Enquirer: 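Take this structure first; my questions come after.
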Amino acid sequence: MVRVRFAPSPTGYLHIGGARTALFNWLFAREHNGKFILRIEDTDKERSTEESLNEILRSLRWLGLNWDEGPDIGGPYGPYFQSQRLDIYLKYIDKLLDENKAYKCFCTKEELEEERKKAESEKRAFKYSGKCKNLPEYEIKQKEQAKIPYTVRIKIDQEGETVIKDKIRGEVVFQNFVLDDFIIMRADKMPVYNFVVVIDDALMQITHVIRGEDHLSNTPKQIHIYKALGFNIPEFAHIPLILGPDKSKLSKRHGETSCGVYEKNGFLPEAFINYLALLGWSPDGEKTEMSVDEIIKEFSLEKVHKAGAIFDNQKLLWLNGVYIRKKNINELTELCIPYLKESGLITDDDIKNKYEYIKKVVALQQEKIKTLSEISHLSDYFFKDNITLTEDAKKILEKNKQDIKKVIETLKNIIIEVGVEKSKVEEKIRIDMEKAGIKPKVFMHVIRVILTGTTIGPGLFDIIETLGKDVCLKRIENTLANDF
RNA sequence: GUCCCCAUGGUCAAGCGGUUAAGACAUCGCCCUUUCAAGGCGGUAUCACGGGUUCGAUUCCCGUUGGGGACGCCA
């Protein structure tokens, strides 16, 4: 049975890199009918918050990455908060101490800091001196009685090498002498990440550890702990990092990295998943639009790339547009309504009373919007009483100054006479404008501008029909009042 | 600095010893068109470098260079 896990620490929102790590784990679990486990790494009490936790869970749910065991739903290997597993960790610390595989270290932070500086000035890598490794028993007792704080270090045999079997990178070899007797428990009795992660993965029966490449160099440390404790070593898969445009690890300084913000900005989860899955992985390089089911079916760790991939907002935006265009209009309307409401274009009453109108507007904009949030600024003239002209719109009027009055009056008569039904009004406009000696390009542009205030938008006759007779006539009168 | 990982167009990427080196995004033309999109057609653009191995290297090996990551009593 495949068991994988995603283990975020609740010290902030779920960022893009985390989301993709979660996604790859989830895909692997679903593909193999395994379990996807969510574990919260909240041993850093200072920085962990409840809000962060909720935000992370929210984003995972938004993406549809459902977990089989986790903090909110429990499971047979709980608890799923590391902060609730302290006694377990301490038990294993004691075990290593008893078996003489670890020792207490009374060195202070200051002492270590000095050694570290010294190593740096001598241009060599810092390694713990091993000063406390062979303290005589009586000295340890003495120090303990004197309540001198201590950390616990694991003994690392300097001979030999540690081989990581990685499903993506093959065998990665580290010489053991690059490691020192590293700390596994802090002076405040809190075990460190590299220790607890091993205990949890072992006890939770994790079979495959799929995580970011930034953890690759932690892995030899963890393997030593697995071995010291006699645990089975899981398979590893270190996935390439997501990079910013400058090719360094994607982070805040590259711009927006929070999943939650992508949601707010009107990205669709299916588009986001599709894009993320194809970052660092591709089934054949051919497919770019894939449903979640297809991705699950095709996913394999062996086809994951080794090199990091730059996050390309532009391509994500394009893909989001593809998904928006594929949405059926009822669903899309529902998705757009919150954005229209938030920008003050519609009220709860409008949603009840003018639903069909809203839907028409959304349908007209469907092929233009790349994110849901774009619906608002593209559609304001459908909802506002008074429109304002953009700079480009003003230019159009300026350019066609001498014809404006004729165009508008002709239009007014047409609407009064035949109404606004698309087919009728189009035919009539074309005929009457020609009679009046006005070129299509001129009247089309002028009408668009006086009805919408902008030079861009859906088809003109769609606009007229959707706005309706009253609104069209009102905007015509307003323009005539301006006296050209 | 030490250790580790990586290297096909601007970006995502196919390729797994013999190819005119796919495809997508972006970009640039053209078409469609009342505008903006969408769509259609076409163009520009890639194997980091140097050695091997081989009849033949983008592909295998070794170096160089370049990029990245890790080196905490953070996770």
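Below, chains carry the letters A, B, ... as their sequence lines are ordered, and counting in each starts from 1. Here the structure is a predicted model, which is why all the values come from computation and not from measurement.
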Enquirer: Under a 3.5 Å limit for both distances, which nucleotide forms a Watson-Crick or G-U wobble pair with B:rG18, could you say?
Expert: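 For B:rG18, the partner nucleotide comes out as B:rC55, under the 3.5 Å rule.
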
Enquirer: Under the criterion side-chain contact (heavy atoms from CB on, under 4.5 Å), I'd like the reasoning laid out for A:Ile429 against A:Ile464: C-alpha separation, chi angles, the key distance, then a yes or no.
Expert: CA-CA 11 Å; A:Ile429 285 177; A:Ile464 294 174; 4.0 Å; yes

Enquirer: Nearest-Å distance, NZ (A:Lys104) to P (B:rC73)?
Expert: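 Checked: the NZ to P distance equals 19 Å.
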
Enquirer: Are any of A:Ser282's side-chain N or O atoms less than 4.0 Å away from OP1 or OP2 of B:rA14?
Expert: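 Yes.
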
Enquirer: Could you verify whether a donor N or O on one side chain and an acceptor N or O on the other, from A:Lys127 and A:Gln158, lie under 3.5 Å apart?
Expert: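 Judged by distance alone, the side chains do pair up.
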
Enquirer: Please report whether the ring centroid of A:Phe24 lies less than 6.0 Å from that of A:Phe299.
Expert: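 Yes, ring centres under 6.0 Å apart.
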
Enquirer: Could you tell me whether A:Gly459 contacts a base, only the sugar-phosphate backbone, or nothing, with contacts defined as non-hydrogen atoms closer than 4.0 Å?
Expert: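 Counting heavy atoms under 4.0 Å across all strands, the contact made by A:Gly459 includes a base.
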
Enquirer: Does A:Leu216 reach a base, just sugar-phosphate, or nothing at all? Heavy atoms under 4.0 Å.
Expert: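 Sugar-phosphate: the residue A:Leu216, judged by heavy atoms under 4.0 Å, touches backbone atoms but no base.
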
Enquirer: Could you check which of B:rA75, B:rU11, B:rC73 has an atom nearest any side-chain atom of A:Ile310?
Expert: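 Nearest listed nucleotide: B:rU11.
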
Enquirer: Just to be sure I understand the rule, does A:Thr454 reach a base, reach only the sugar-phosphate, or reach nothing, if contact means heavy atoms closer than 4.0 Å?
Expert: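 Nothing, no nucleic acid heavy atom in range.
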
Enquirer: Could you tell me the separation between the CZ atom of A:Arg20 and the CD1 atom of A:Ile239, rounded to the nearest 0.5 Å?
Expert: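 A:Arg20 atom CZ to A:Ile239 atom CD1 measures 4.5 Å (nearest 0.5 Å).
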
Enquirer: Is the A:Tyr226 ring parallel, tilted or perpendicular to the A:Phe236 ring (thresholds 30°, 60°)?
Expert: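 Rings of A:Tyr226 and A:Phe236: perpendicular, as their planes differ by over 60°.
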
Enquirer: Is it the case that atom NZ in A:Lys297 sees more than 12 heavy atoms from other parts of the structure closer than 6.0 Å?
Expert: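 No, the 6.0 Å shell around NZ holds no more than 12 heavy atoms from other groups.
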
Enquirer: Run the numbers on A:Tyr193 and A:His215 for ring-ring contact (aromatic ring centres under 6.0 Å, His included), then give the verdict.
Expert: CA-CA 11 Å; A:Tyr193 165 77; A:His215 287 283; 5.7 Å; yes

Enquirer: Does B:rG39 pair with anything, Watson-Crick or G-U wobble, both distances under 3.5 Å, and if so, with which nucleotide?
Expert: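 Checking every strand shown, B:rG39 finds its partner in B:rC31, with both distances under 3.5 Å.
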
Enquirer: Just name whichever nucleotide pairs with B:rU46, Watson-Crick or G-U, keeping both distances under 3.5 Å, else none.
Expert: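 WC or wobble partner does not exist here.
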
Enquirer: Under the 3.5 Å rule, do the base of B:rC36 and the side chain of A:Lys368 count as making a donor-acceptor pair?
Expert: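 Such a pair is found, so the answer is yes.
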
Enquirer: Find which nucleotide of RNA chain B each of A:Arg448 and A:Leu279 is nearest to by heavy atoms, and output the residue with the more 5' nucleotide.
Expert: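 Nearest-nucleotide comparison on RNA chain B picks A:Leu279.
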
Enquirer: Could you tell me how far apart A:Leu241 (CG) and B:rA75 (P) are, to the nearest whole angstrom?
Expert: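 A:Leu241 atom CG is separated from B:rA75 atom P by 19 Å.
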
Enquirer: Does this structure show an ion pair linking A:Arg47 with A:Asp44, if we count only N-O contacts that are shorter than 4.0 Å?
Expert: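 Answer for the salt bridge query: yes.
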
Enquirer: What contact category does A:Val173 fall into here, base, sugar-phosphate, or nothing, at under 4.0 angstrom with non-hydrogen atoms?
Expert: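 Sugar-phosphate: the residue A:Val173, judged by heavy atoms under 4.0 Å, touches backbone atoms but no base.
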
Enquirer: Give none if B:rC12 has no partner; otherwise give the nucleotide forming a Watson-Crick or G-U wobble pair with it, both distances under 3.5 Å.
Expert: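 Paired with B:rG23.
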
Enquirer: In this structure, how many angstroms lie between the C1' atom of B:rC36 and the NE2 atom of A:His377, rounded?
Expert: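 Interatomic distance, NE2 of A:His377 to C1' of B:rC36: 11 Å.
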
Enquirer: How do A:His305 and A:Phe177 order along RNA chain B: which one's closest nucleotide is nearer the 5' end?
Expert: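 Taking each residue's closest nucleotide, the earlier one in sequence belongs to A:Phe177.
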
Enquirer: When you check the gap from the basic side-chain N to the acidic O, do A:Asp246 and A:Arg253 get nearer than 4.0 Å?
Expert: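 Yes, this pair counts.
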
Enquirer: Taking any strand in view, what nucleotide pairs with B:rC71 in a Watson-Crick or G-U wobble way, both distances under 3.5 Å?
Expert: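 B:rC71 is paired, partner B:rG1.
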
Enquirer: Choose from B:rC73, B:rU34, B:rA14 the nucleotide whose nearest atom is closest to any side-chain atom of A:Ile183.
Expert: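 Output: B:rC73.
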
Enquirer: What nucleotide among B:rA70, B:rC73, B:rU34 has an atom nearest to a side-chain atom of A:Lys109?
Expert: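 Selected nucleotide (nearest to the side chain): B:rC73.
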
Enquirer: Produce the list of close N/O pairs, under 3.5 Å, pairing protein atoms with atoms of nucleotides 24-29 of chain B; give distances to one decimal.
Expert:
| unit_1 | atom_1 | unit_2 | atom_2 | d |
| --- | --- | --- | --- | --- |
| B:rA24 | N3 | A:Lys315 | NZ | 2.9 |

Enquirer: May I ask you to say what A:Thr151 touches in the nucleic acid, namely base, sugar-phosphate or nothing, with a heavy-atom cut-off under 4.0 Å?
Expert: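 If one applies the 4.0 Å heavy-atom cut-off, A:Thr151 turns out to touch a base.
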
Enquirer: Considering only NZ, NE, NH1 and NH2 on the basic side and carboxylate oxygens on the acidic side, decide whether A:Asp201 and A:Arg39 come within less than 4.0 Å.
Expert: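 Looking at A:Arg39 together with A:Asp201, the answer is yes, because their closest N to O distance falls below 4.0 Å.
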
Enquirer: For A:Asp392, answer base if it contacts any base atom (sugar-phosphate contacts may also be present), sugar-phosphate if it contacts only those atoms, and nothing otherwise; contact means non-hydrogen atoms under 4.0 Å.
Expert: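 The residue A:Asp392 makes no contact with any strand.
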
Enquirer: Can you tell me, in whole Å, how much space there is between the P of B:rU8 and that of B:rC71?
Expert: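 Between the two P atoms, the distance is 26 Å.
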
Enquirer: Could you walk me through whether A:Phe311 and A:Tyr275 satisfy the ring-ring contact (aromatic ring centres under 6.0 Å, His included) test, starting with their C-alpha distance in whole Å, then the side-chain angles of each, then the deciding distance to 0.1 Å, before giving a yes or no?
Expert: CA-CA 9 Å; A:Phe311 187 81; A:Tyr275 179 72; 5.4 Å; yes

Enquirer: With rounding to whole Å, what would you report as the distance between B:rA70 and B:rA57 at their C1' atoms?
Expert: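 Each nucleotide's C1' atom is 34 Å from the other's.
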
Enquirer: Within the structure, does a side-chain N or O atom of A:Arg325 lie under 4.0 Å from either OP1 or OP2 of B:rG39?
Expert: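 Checking B:rG39 against A:Arg325, a side-chain N or O does come within under 4.0 Å of OP1 or OP2.
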
Enquirer: If the C1' atom of B:rC73 is compared with that of B:rG69, how far apart are they to the nearest Å?
Expert: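 Nearest-Å result for B:rC73 against B:rG69 at atom C1': 23 Å.
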
Enquirer: A:Arg169 CZ to B:rG68 P: how many Å, rounded?
Expert: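 Taking atom P of B:rG68 as the reference, CZ of A:Arg169 is at 16 Å.
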
Enquirer: Over how many whole Å does the gap from A:Asp214 atom CG to B:rG72 atom P extend?
Expert: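 About 15 Å, once rounded to whole Å.
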
Enquirer: In this structure, how many angstroms lie between the P atom of B:rG72 and the CD atom of A:Glu113, rounded?
Expert: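 It is 10 Å, rounded to the nearest whole Å.
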
Enquirer: Quick check on the 6.0 Å ring-centre criterion: do A:Tyr262 and A:Phe272 meet it?
Expert: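 Yes, ring centres under 6.0 Å apart.
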
Enquirer: By nearest atom, which of the nucleotides B:rG39, B:rC5, B:rC73 is closest to the A:Val192 side chain?
Expert: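 Of B:rG39, B:rC5, B:rC73, B:rC73 is nearest to the side chain of A:Val192.
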
Enquirer: Closer than 4.0 Å, any side-chain N/O of A:Ser9 to the OP1 or OP2 of B:rC74?
Expert: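 No, A:Ser9 has no side-chain N/O under 4.0 Å of OP1/OP2 on B:rC74.
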
Enquirer: Write down the distance between CG (A:Asp246) and C1' (B:rU11), rounded to a whole number of angstrom.
Expert: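 So the two atoms are 14 Å apart, to the nearest Å.
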
Enquirer: Closest approach to the side chain of A:Ser217, judged atom by atom: which nucleotide of B:rG68, B:rA70, B:rU34 is it?
Expert: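 So the nucleotide nearest the side chain must be B:rA70.
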
Enquirer: Distance check, C1' atoms only: B:rU53 and B:rG10, in whole angstrom units.
Expert: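 That atom pair is separated by 35 Å.
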
Enquirer: Partner lookup for B:rA7, please. Criteria are Watson-Crick or G-U wobble with both distances under 3.5 angstrom; report none if nothing qualifies.
Expert: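 Answer to the pairing question: B:rU65, which forms a Watson-Crick or G-U pair with B:rA7.
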
Enquirer: Look at the side-chain N and O atoms of A:Arg211 and state whether any lies under 4.0 Å from the OP1 or OP2 oxygen of B:rA70.
Expert: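 Looking at the OP1 and OP2 atoms of B:rA70, neither is under 4.0 Å from any side-chain N or O of A:Arg211.
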
Enquirer: How many Å lie between CG on A:Asn218 and C1' on B:rC5, as a whole number?
Expert: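 Rounding to the nearest Å, CG of A:Asn218 and C1' of B:rC5 are 14 Å apart.
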
Enquirer: Quote, to the nearest angstrom, the P distance that separates B:rU58 from B:rC47.
Expert: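 Looking at atom P only, B:rU58 and B:rC47 are 11 Å apart.
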
Enquirer: Quick check for you: among B:rU34, B:rA70, B:rA37, whose closest atom lies nearest to any side-chain atom of A:Glu367?
Expert: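 The answer is B:rA37.
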
Enquirer: What's the gap between B:rU44 and B:rG29 when it is taken at their P atoms, as a whole Å value?
Expert: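 Rounded to whole Å, the distance is 15 Å.
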
Enquirer: Looking at the side chain of A:Ala309, which of B:rC73, B:rU34, B:rC12 is the nearest nucleotide?
Expert: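 Selected nucleotide (nearest to the side chain): B:rC12.
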
Enquirer: Counting side-chain heavy atoms from C-beta on, which of B:rA13, B:rU11, B:rC5 comes nearest to A:Val172?
Expert: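 The closest nucleotide is B:rC5.
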
Enquirer: Among B:rG67, B:rG72, B:rC74, which nucleotide sits nearest the side chain of A:Arg47?
Expert: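 Closest nucleotide among those given: B:rC74.
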
Enquirer: Looking for any heavy atom pair under 4.0 Å, which part of the strands does A:Pro458 touch: base, sugar-phosphate only, or nothing?
Expert: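 If one applies the 4.0 Å heavy-atom cut-off, A:Pro458 turns out to touch a base.
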
Enquirer: Hey, does the side chain of A:Lys303 come within less than 4.0 Å of B:rA14's phosphate (OP1/OP2), counting only N and O?
Expert: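 Checking A:Lys303 against B:rA14: no side-chain N or O falls below 4.0 Å of OP1 or OP2.
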
Enquirer: Please measure how far the P atom in B:rG43 lies from the corresponding atom in B:rA24, and state the result in whole Å.
Expert: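 It works out to 12 Å between them.
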
